[in-house]
Number of protein chains: 2
Amino acid sequence: MLDEVDTRAIRRESTRSRVLQAAWELARRDGLAALTLRDVAARVGMRAPSLYSYFPSKNEMYDAMFAEAASSLAAELRGSSGNDAESRLRDRLRRFVGWCTADPTRYQLVFQRSVPGFAPSEESYQITVDALRATREAVEAAGIRGDKPFELLRGTFNGLTSLQIANDPGGNRWAVMADEALDMFLDRYAHQRRRARRGA
Amino acid sequence: MLDEVDTRAIRRESTRSRVLQAAWELARRDGLAALTLRDVAARVGMRAPSLYSYFPSKNEMYDAMFAEAASSLAAELRGSSGNDAESRLRDRLRRFVGWCTADPTRYQLVFQRSVPGFAPSEESYQITVDALRATREAVEAAGIRGDKPFELLRGTFNGLTSLQIANDPGGNRWAVMADEALDMFLDRYAHQRRRARRGA
DNA sequence: GTCTATATGTGGATAGAC
DNA sequence: GTCTATCCACATATAGAC
């Protein structure tokens with residue numbers, strides 16, 4: 001009987017997952033804001049009201065998508081590696097750009113406010129906050145401290161990805177500048193570390 | 001009789017202008033995408049269908065707003081001045097950031113694709129293309145050539161303004177970094193002029 | 001859990017009177 | 001030019017049968 005409960009819960013999760021996948025597909029095709037419950041339901045062979053068994057509202061469905069996307073980004077960034085702090089930062093930023101440009105729709109949901117009336121729940125939003133804090137730590141591990149340099153780096157990479165997605169979706173005209181951007185940044189802000197090393 | 005024609009045309013333009021102003025006010029209050037013809041009309045003491053005397057469709061109204069905003073930006077940037085090319089570039093970039101952050105709604109219409117189903121007409125879009133080309137010329141006048149540096153600068157400033165607007169609208173946490181960002185950029189790319197370039 | 005039926009609301013756009 | 005009346009399509013969400 002406990003087995004039955006488990007089985008039911010698993011099937012339920014599976015259906016919920018199928019619904020979310022259908023929502024992503026439609027959002028990629030027609031745009032995030034153009035999502036309708038009718039279309040999502042039709043895509044999994046249901047009618048719109050049936051979705052309310054899985055999500056209490058449309059915005060809760062957006063929130064589940066947001067959480068999925070944010071978790072995916074966090075996982076991608078956690079996979080960063082390198083022999084030293086600078087290499088790990090470089091890898092992390094490359095992964096960031098790669099993740100953002102791989103799926104503009106996903107990027108828009110997480111980083112832009114492109115769905116009128118939707119804001120992520122505190123819980124879902126926290127996933128992105130944690131990822132940002134980890135990036136801040138990676139920057140500091142590379143010897144760069146202070147809000148200003150960090151926010152400048154953040155702005156630079158935000159700008160590159162958003163130009164990429166707005167003007168050349170699917171391409172890499174701006175994405176390939178990630179390394180160059182980091183070099184420019186390190187040229188200016190990593191000098192303390194190098195000078196200190198040289199001086200010592 | 002020609003006078004009458006003129007008077008009528010002037011009144012018409014005046015009303016059209018009032019409609020646009022009402023649209024901006026509502027867009028700032030409720031968001032660009034939340035604009036409705038009913039609300040806009042009500043704000044100028046009309047009913048929705050009357051607006052069709054001034055704009056053939058809602059998207060044409062958006063396009064008129066886009067053209068207005070783009071022209072305003074172009075005029076602002078044309079006012080840039082300075083004693084040398086670098087100062088003029090710095091002033092131009094300051095003006096850019098100032099213009100963008102002064103009115104997030106205006107910025108969103110011109111630089112983000114935040115209205116589903118709306119794209120500017122070729123004619124309106126051209127205004128922004130011209131402004132961008134003039135900025136490119138200002139960068140080259142400062143001795144910096146090539147697509148890559150220019151696009152990197154463009155990305156950096158795009159990123160700063162978008163962070164500013166998304167996270168601190170009305171404030172200046174990121175806007176004040178404009179000078180710092182340009183310094184970082186010049187550190188790396190204006191050195192050709194002054195000394196041998198390091199690295200590749 | 002899924003359905004049909006429906007409440008309830010929205011908003012762009014057109015027809016035709018004045 | 002502005003109005004009323006209306007069309008039409010759409011969408012979220014609920015009630016209640018099965």
Side-chain angles (χ1 to χ4, degrees), chain A residues 4-23 25-27 29-66 109 114-119 121, chain B residues 1 4-23 25-27 29-66 109 114-121:
Chain A
E4 272 216 12
V5 171
D6 283 0
T7 303
R8 210 175 297 163
I10 288 168
R11 287 191 79 85
R12 190 183 160 76
E13 263 320 295
S14 159
T15 305
R16 202 183 119 108
S17 178
R18 276 176 50 233
V19 170
L20 281 180
Q21 198 190 331
E25 286 163 7
L26 286 173
R29 197 189 66 184
D30 305 329
L32 268 170
L35 260 196
T36 71
L37 294 180
R38 287 179 205 288
D39 290 348
V40 173
R43 188 161 262 253
V44 294
M46 286 181 186
R47 304 288 184 161
S50 306
L51 297 183
Y52 285 82
S53 300
Y54 300 96
F55 304 98
S57 76
K58 189 190 183 186
N59 273 350
E60 297 270 349
M61 200 176 77
Y62 277 128
D63 194 55
M65 295 168 75
F66 183 100
L109 181 59
S114 75
V115 181
F118 167 71
S121 63
Chain B
M1 2 220 359
E4 274 217 11
V5 171
D6 283 359
T7 303
R8 210 174 299 163
I10 287 168
R11 286 191 78 86
R12 190 183 158 77
E13 264 318 296
S14 159
T15 306
R16 202 183 118 108
S17 178
R18 274 176 53 232
V19 170
L20 283 179
Q21 197 190 330
E25 286 163 7
L26 285 174
R29 197 190 66 183
D30 303 331
L32 269 169
L35 260 197
T36 72
L37 294 180
R38 284 170 166 77
D39 290 349
V40 173
R43 187 159 262 252
V44 293
M46 286 182 185
R47 304 288 185 162
S50 306
L51 297 183
Y52 285 83
S53 300
Y54 300 96
F55 304 97
S57 75
K58 188 189 182 187
N59 274 349
E60 298 270 350
M61 201 177 77
Y62 277 126
D63 195 55
M65 294 168 76
F66 184 100
L109 181 59
S114 77
V115 181
F118 166 71
S121 63

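Below, all heavy atoms of this structure are taken into account, side chains as well, without hydrogens, waters or symmetry copies. This one's a predicted model, so the numbers in the text were calculated from it and none came from an experiment.
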### Passing candidate, side-chain contact (heavy atoms from CB on, under 4.5 Å) with B:L35, options B:V115, B:L26, B:D30
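That would be B:L26; it is the only one of B:V115, B:L26, B:D30 passing the side-chain contact (heavy atoms from CB on, under 4.5 Å) with B:L35.
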
### Task
Working to the nearest 0.5 Å, report the span between CD of B:Q21 and CZ of B:R43.
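Rounded to the nearest 0.5 Å, the CD-CZ separation comes out at 9.0 Å.
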
### Query
Atom CZ in B:R16, atom CZ in B:F55: separation rounded to 0.5 Å?
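Those atoms lie 4.0 Å apart.
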
Nucleotide [N], atom [atom2] - distance to [atom1] of [X] in whole Å:
| X | N | atom1 | atom2 | answer |
| --- | --- | --- | --- | --- |
| B:N59 | C:dA13 | CG | C1' | 13 Å |
| A:K58 | D:dA11 | NZ | P | 8 Å |
| B:L37 | C:dT14 | CG | C1' | 13 Å |
| A:Y52 | C:dC3 | OH | P | 14 Å |
| A:M61 | D:dA11 | CE | C1' | 12 Å |
| B:R8 | D:dG1 | CZ | P | 8 Å |
| A:R16 | C:dG1 | CZ | P | 12 Å |
| A:R38 | D:dC10 | CZ | P | 8 Å |

#### Entry: Distance test, side-chain N/O of B:S50 to OP1/OP2 of D:dG1, below 4.0 Å
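Looking at the OP1 and OP2 atoms of D:dG1, neither is under 4.0 Å from any side-chain N or O of B:S50.
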
At under 4.0 Å between heavy atoms, what does [X] touch on the DNA or RNA strands: base, sugar-phosphate, or nothing?
| X | result |
| --- | --- |
| B:Y54 | sugar-phosphate |
| B:S53 | base |
| A:T15 | nothing |
| A:L35 | sugar-phosphate |
| A:G45 | sugar-phosphate |

### Task
Please name the pair of heavy atoms, one in B:A22 and one in B:V44, separated by the smallest distance, quoted to 0.1 Å.
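Taking every non-hydrogen atom into account, CB-CG1, 3.7 Å.
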
### Task
State, to 0.1 Å, how close B:Y62 and B:L109 come at their nearest heavy-atom pair, and which atoms those are.
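For B:Y62 and B:L109, the tightest heavy-atom pair comes out as O-CD2, 4.1 Å.
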
### Task
Please tell me which of A:R47 and B:A34 maps to the more 5' nucleotide of DNA chain C, matching each residue to the nucleotide holding its nearest heavy atom.
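Here A:R47 is the residue nearer the 5' end.
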
### Message
Of the listed nucleotides (D:dA13, D:dC3, C:dC3), which one gets closest to any side-chain atom of B:M46?
### Response
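Nearest listed nucleotide: D:dC3.
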
